[in-house]
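Below is one structure, written out as structure tokens, with a few remarks after it.
Both backbone and side-chain heavy atoms feed into the values below; hydrogens, waters and symmetry mates do not.
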Amino acid sequence: MMRSLLALVSLLPLTFGTPTPASAQNGSREMTETRRVEVAERLARSTVLVQVGSSGGSGFVVSEEGWIVTNAHVVAAARNGVVAIRYSDGTQVRARVLAVDRLHDLAVLQPGDREGSVPALPLASASEVRVGQSVLAYGSPFGLEGTLTQGIVSARRDLPTREGRIEGVIQTDAAVNPGNSGGPLANSRGQVIGVNTAILSRTGGSNGIGFAVPSNFVQSLVEQVRVRMNAVARNPTPPIRETRQEQPQPRAEAAPERAVDTAGLGPVWLGILGEDVRVGRLRGVRIQAVIPGGPASEAGLRGLRDPVPTAARRLGESWTGHIILAVDDEPVQSLDALTEALQSRAPGQAARLTLTMGAGRVRGTAEVTLAAPPNNP
């Protein structure tokens, strides 16, 4: 699985961990053979193979909930937001995509139940990463699970991508190849400082220049997902408010096309969990759930997992959750388009959303006052 970045950089299914500073005051340990084996064993327990159809990448357990972090491009082709996960002990389960941050090429997965817990890998502060410190990359290059490579931090730099610019990316000479994407880059203490996301290559193979997304972006995404999930658990039945309905327009029955995503991981927050809808002529973003107390909830929007609005029952519409068709009359046909439409907004600004539901035969509008994402400064 490869994607070009700046004509030379390929985004590959890679796995490796991120380093910590080698300075004595930061408490790092010398990378002796004994220490390297200890770290490798820790990484092995918590690193997984992520399989999407015939392609795959890597990931690792990052939280006490058992959530797994990988690259967004690893799960981009997942149908209905479901992928296969294989742990180092051979256990295989299905996992669903909880959230995707395309700008930083990160995704959070929630695996199904399995016997026994898997320890989460600790995240180190990416701000302490220093050029020259030792790092270990762990993952499944070319599908070869349980592969460890060693190198150093070669540089810190901003990396332009198709989605924007990732700040403070960790450059390393640890060998990473297709199949490593989404895996941990670890320091000499076994702490993750980054997630493998790309290599600089003219041939598609490793030339000793790899890039990892810093751990601070991982921590931020996991915290945002936790806030949303906890809010939904605490408030399962938010109040209902109807939206205005307009002239019926026949449409094919709506169905999801790809993975669940969090919308608004930028300067503003809409407060929904949603997915793309592409059936017949119907294009938009279907809401699976709104976060209680968030902008969408306050505006009366409801998702598939929320109580059926009175208007839907009265009209006899099958409840699929509200489907967002446009922002201020500009069509948004995907989560990417919705996120892009909100990027130029600031907290406190209003956005008028065009909505439908069910088979798309009714239309309405709702005005949403946008807010800053939770835990964001």
Side-chain angles (χ1 to χ4, degrees), residues 1-5 9-18 40 43-62 66-102 104-114 118 120-121 136-149 161-162 172 174-186 192 194-199 201 203-206 210-213 218 221 257-261:
M1 178 187 309
M2 292 187 293
R3 232 169 41 177
S4 63
L5 248 136
V9 180
S10 298
L11 284 181
L12 311 171
L14 316 168
T15 10
F16 63 99
T18 9
L43 296 175
R45 288 193 297 270
S46 304
T47 302
V48 303
L49 174 69
V50 181
Q51 194 73 27
V52 182
S54 60
S55 63
S58 303
F60 60 93
V61 179
V62 73
W67 295 344
I68 291 168
V69 164
T70 186
N71 282 148
H73 74 263
V74 169
V75 299
R79 293 182 60 83
N80 299 323
V82 177
V83 301
I85 297 296
R86 183 160 67 230
Y87 293 88
S88 60
D89 63 2
T91 302
Q92 300 186 53
V93 301
R94 290 161 67 93
R96 68 187 183 101
V97 181
L98 283 181
V100 175
D101 178 357
R102 289 181 178 82
H104 300 106
D105 196 22
L106 295 173
V108 177
L109 313 179
Q110 183 180 48
D113 294 336
R114 53 156 283 152
V118 178
L121 291 178
L136 295 171
Y138 199 90
S140 304
F142 304 109
L144 299 173
E145 298 174 62
T147 298
L148 178 77
T149 57
T161 73
R162 290 181 178 179
T172 178
V176 288
N177 285 284
N180 275 121
S181 286
L185 183 67
V192 176
V195 180
N196 271 3
T197 190
I199 62 172
S201 175
T203 64
S206 176
F211 301 100
V213 177
V218 176
L221 180 60
E257 186 201 46
R258 66 172 174 79
V260 175
D261 198 349

For the backbone of [Y] and the side chain of [X], can you confirm whether one donor and one acceptor N or O come within less than 3.5 Å of each other?
{"X": "Asp105", "Y": "Asn71", "result": "no"}
{"X": "Ser88", "Y": "Ala44", "result": "yes"}
{"X": "Asp101", "Y": "Leu106", "result": "no"}
{"X": "Ser55", "Y": "Val52", "result": "yes"}

Heavy atoms only: give me the nearest [X]-[Y] pair and the separation to one decimal.
{"X": "Gly210", "Y": "Val176", "answer": "CA-CG2, 4.4 Å"}
{"X": "Ala40", "Y": "Leu148", "answer": "CB-CD2, 3.7 Å"}
{"X": "Val83", "Y": "Ala78", "answer": "CG1-CB, 3.6 Å"}
{"X": "Ala95", "Y": "Pro111", "answer": "CB-CA, 3.6 Å"}
{"X": "Val118", "Y": "Ser46", "answer": "CG1-CA, 3.9 Å"}
{"X": "Leu49", "Y": "Gly57", "answer": "CD1-O, 3.3 Å"}

Evaluate the side-chain proximity of [Y] to [X]: yes if any heavy-atom separation is below 4.5 Å, no if none is.
{"X": "Gln51", "Y": "Gln92", "value": "no"}
{"X": "Leu136", "Y": "Thr149", "value": "no"}
{"X": "Val218", "Y": "Val62", "value": "yes"}
{"X": "Leu98", "Y": "Leu109", "value": "no"}
{"X": "Ile85", "Y": "Ile68", "value": "yes"}
{"X": "Val93", "Y": "Tyr87", "value": "yes"}
{"X": "Tyr138", "Y": "Thr147", "value": "no"}
{"X": "Phe142", "Y": "Asn177", "value": "yes"}

Pair Arg114, Asp89 - check salt bridge (charged side-chain N to carboxylate O under 4.0 Å, His left out), show working.
CA-CA 11 Å; Arg114 53 156 283 152; Asp89 63 2; 2.9 Å; yes
Worked check of side-chain contact (heavy atoms from CB on, under 4.5 Å) between Phe60 and Val192:
CA-CA 10 Å; Phe60 60 93; Val192 176; 3.8 Å; yes
